[in-house]
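We name chains A, B, ... by the order of the sequence lines, and we start the count at 1 in each one.
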Number of protein chains: 2
Amino acid sequence: MLLYWVVKKIDAIPICKIEIIDLQKVSSAKEGLVDDEKNQSMARIFKLLGEPTRLKIILSLFDNELCVCDLAAVVESTVSAVSHQLRLLRNSRLVKFRKAGKMVYYSIEDAHIKQLIEQTKQHVEEN
Amino acid sequence: MLLYWVVKKIDAIPICKIEIIDLQKVSSAKEGLVDDEKNQSMARIFKLLGEPTRLKIILSLFDNELCVCDLAAVVESTVSAVSHQLRLLRNSRLVKFRKAGKMVYYSIEDAHIKQLIEQTKQHVEEN
DNA sequence: ATAACACTTGAACATATATTCAAGTGTTAT
DNA sequence: ATAACACTTGAATATATGTTCAAGTGTTAT
């Protein structure tokens with residue numbers, strides 16, 4: 001693990017090796033970053049959408065709530081596997097559920113997510 | 001692996017067990033899905049953004065191009081680790097690079113990505 | 001030519017994670 | 001009470017993946 005960064009030159013003269021080349025750009029880029037906690041939160045959302053089965057689950061819930069069994073049918077997986085994934089999505093408040101007897105109906109909790117996915121769908125379709 | 005789905009009841013009577021409960025909802029949800037290849041592409045983009053270090057890298061490149069060394073400084077990692085991640089981002093055309101002597105400057109190739117990230121940043125900041 | 005440098009790459013390693021299987025929980029039907 | 005059911009959960013397994021280390025490539029400086 002890297003512990004220290006030493007600034008050797010302030011201008012963009014190509015001298016690197018554990019040192020910084022262009023301090024100004026580095027500083028300015030660092031300011032553009034978000035704090036670590038926020039970065040983790042953002043990454044967590046993206047990661048949840050970044051798994052084909054999970055993405056399918058969310059897409060399946062786009063228009064209608066579904067019970068776990070039907071959800072498994074739609075994404076062509078097992079009830080158990082889907083249930084495990086739903087737990088992750090629930091924990092991060094991307095989906096919510098309502099119980100009706102022994103049935104559990106899942107739906108999308110986070111409206112922002114729809115927008116993210118729609119945008120990415122368009123993006124993919126452009127290529 | 002699941003191979004066959006058998007429809008037992010067409011209406012929403014709670015009888016499941018490898019069978020479908022509400023065929024209409026299942027069919028309609030299936031129509032809402034995208035084909036597998038597109039689903040993979042979408043998931044791939046999300047997955048790339050779903051790793052804290054990689055997300056930091058992209059955020060670092062939001063306003064300025066950076067060489068690998070400075071990029072490592074910004075995200076507080078090693079040159080090697082960053083280079084490995086850059087390869088993935090390059091392969092999926094999220095970043096591009098230009099060579100200048102022995103330096104290599106990376107920048108964001110995909111403008112859509114900025115929008116996705118900005119949106120997610122806002123979303124996280126709302127909570 | 002030699003050395004220093006910026007970066008890349010492959011192998012090894014450790015960690016994370018998706019799926020499966022079996023068991024468990026709570027509800028409904030008989 | 002018993003059985004069937006819809007779902008959840010924990011452990012085990014296999015796979016994917018991020019980082020490190022060492023070596024390699026191509027460029028610039030001396």
Please name all residues satisfying side-chain contact (heavy atoms from CB on, under 4.5 Å) with [X], sequence neighbours left out, ordered by chain then number.
X	answer
A:Ser41	A:Arg44, B:Val124
A:Gln85	A:Glu51, A:Arg54, A:Ile57, A:Leu88
B:Ser80	B:Thr78, B:His84

Item to complete: Could you pull out all residues at least two apart from B:Tyr106 that satisfy ring pair (Phe, Tyr, Trp, His ring centres under 6.0 Å)?
Response: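 Partners of B:Tyr106 under the ring pair (Phe, Tyr, Trp, His ring centres under 6.0 Å) test: B:Phe97.
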Rounded to the nearest Å, what distance is computed from the [atom1] atom of residue [X] to the [atom2] atom of nucleotide [N]?
X	N	atom1	atom2	result
B:Lys99	C:dC7	NZ	P	11 Å
A:Glu76	C:dT19	CD	C1'	16 Å
B:Asp70	C:dC5	CG	P	16 Å
B:Leu89	D:dT17	CG	P	14 Å
A:Leu86	D:dA6	CG	C1'	13 Å

Worksheet entry | Pair A:His123-B:Gln115, side-chain donor/acceptor within less than 3.5 Å |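 A:His123 vs B:Gln115: no donor-acceptor pair found between side chains.
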For [X] against [Y], the heavy-atom pair lying closest together:
X	Y	result
B:Ile58	B:Leu94	CD1-CD1, 4.4 Å
B:Asp70	A:Asp22	OD2-N, 3.0 Å
B:Tyr105	B:Ala100	CE1-CB, 4.0 Å

Item to complete: Would you mind classifying the nucleic acid contact of A:Leu88 as base, sugar-phosphate or nothing, using non-hydrogen atoms under 4.0 angstrom?
Response: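 Here A:Leu88 touches the backbone only, sparing every base.
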Worksheet item: What is the nucleic acid contact for A:Tyr106, judged by heavy atoms within less than 4.0 Å: base, sugar-phosphate only, or nothing?
Response: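 If one applies the 4.0 Å heavy-atom cut-off, A:Tyr106 turns out to touch the sugar-phosphate alone, with no base involved.
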Worksheet item: What would the secondary structure line of DNA chain D be in dot-bracket form, counting Watson-Crick and G-U wobble pairs under 3.5 Å, with [ ] for pairs that cross earlier ones and | for pairs with another strand?
Response: ||||||||||||||||||||||||||||||
Discussion item. A:Glu109: which residues meet the side-chain hydrogen bond (donor to acceptor under 3.5 Å, both in side chains) condition with it, sequence neighbours left out?
Written reply: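 Counting only residues at least two positions away or on another chain, A:Glu109 forms no side-chain hydrogen bond (donor to acceptor under 3.5 Å, both in side chains).
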Using salt bridge (Lys or Arg N to Asp or Glu O under 4.0 Å) as the criterion, list what pairs up with [X], not counting sequence neighbours.
X	value
A:Glu125	B:Lys38
B:Glu65	B:Arg98
A:Asp36	B:Lys56

Item to complete: Strictly below 4.0 Å, heavy-atom distances to any atom of DNA chain D: list the hits from residues 41-58 of chain A, or just say none.
Response: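 The answer is none.
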Fill in: B:Gln85 side-chain N/O to D:dT17 phosphate OP1/OP2 under 4.0 Å
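Negative; the distance criterion is not met.
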Discussion item. Whether B:Thr78 contacts D:dT20 is assessed here as follows: a side-chain N or O lying under 4.0 Å from the phosphate OP1 or OP2. Is that the case?
Written reply: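 Yes, within the criterion.
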Please write out each protein N/O paired with an N/O of nucleotides 10-14 of chain C under 3.5 Å, distance rounded to 0.1 Å.
residue : atom : partner : partner atom : Å
C:dG10  : O6   : B:His84 : NE2          : 2.7

Worksheet entry | Protein proximity profile, nucleotides 23-30 of chain C - base contact B, sugar-phosphate-only contact S, no contact -, cut-off 4.0 Å on heavy atoms | ----SS--
Discussion item. Measuring from atom CD1 of B:Ile117 to atom CZ of A:Phe46, what distance do you get when rounded to the nearest 0.5 angstrom?
Written reply: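 If we round to the nearest 0.5 Å, B:Ile117:CD1 and A:Phe46:CZ are 5.5 Å apart.
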Discussion item. Could you measure the distance from the CD1 atom of A:Ile45 to the OG1 atom of B:Thr120? Nearest 0.5 Å is fine.
Written reply: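 Taking CD1 in A:Ile45 and OG1 in B:Thr120, the distance rounds to 6.0 Å.
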Practice prompt. Could you work out which one of C:dT8, D:dT20, D:dT9 sits closest to the side chain of A:Arg90?
Written response: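 That would be D:dT9.
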